[in-house]
Amino acid sequence: MAIQLKIPNLKGDDCAKKITKSIQTMESDAKIDVNVDTKTVTVDTAASEESIKQIIQSAGFTIEGY
């Protein structure tokens, strides 16, 4: 299932790498696309949307509308 989230404090490639690494640590099979220009993260994973949101927040990022 693909999950798309808007991350307002996504600033650049370092942030993108941190989000990707955080998700892959917990969900090694996840396919992750981070778009710095649109400040979005798309995650294709079997994990729940809630668990992905918690991983991103634990990495220090905010999620719009969450």
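These numbers were taken from a predicted model, which means no experiment stands behind them. Each residue takes its place number in the sequence, starting with 1.
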Mind checking the OG1-NZ spacing from Thr62 to Lys39? Nearest 0.5 Å is all I need. 9.5 Å

Asn35 side chain to Thr40 side chain, donor-acceptor N/O pair below 3.5 angstrom: no

Qualifying side-chain hydrogen bond (donor to acceptor under 3.5 Å, both in side chains) pairs, either residue in residues 23-32, two or more places apart: none

Who are the side-chain hydrogen bond (donor to acceptor under 3.5 Å, both in side chains) partners of Asp33, not counting sequence neighbours? none

Which other residues end up in the same hydrophobic cluster as Met1, if Ile, Leu, Val, Met, Phe, Trp and Tyr are linked when side-chain heavy atoms come under 4.5 Å apart? Ile3, Leu5, Ile7, Leu10, Ile19, Ile23, Met26, Ile32, Val34, Val41, Val43, Ile52, Ile55, Ile56, Phe61, Ile63, Tyr66

By the salt bridge (Lys or Arg N to Asp or Glu O under 4.0 Å) test, which pairs, at least two apart or in different chains, include something from residues 54-66? none

Return yes if some donor-acceptor pair links the side-chain N/O of Ser51 with the main-chain N/O of Ala47 below 3.5 Å, else return no. no

Contacts of Gln54 meeting side-chain hydrogen bond (donor to acceptor under 3.5 Å, both in side chains) (sequence neighbours excluded), chain-then-number -> Glu50

Which pairs, with at least one residue in residues 1-16 and sequence neighbours excluded, count as a salt bridge (Lys or Arg N to Asp or Glu O under 4.0 Å)? none

Nearest non-hydrogen partners of Asn9 and Gly60, listed with the distance: ND2-O, 3.4 Å

Name all residues meeting the side-chain hydrogen bond (donor to acceptor under 3.5 Å, both in side chains) criterion together with Lys53; count only those two or more places apart in sequence or in a different chain, and write none if there are none. Glu49

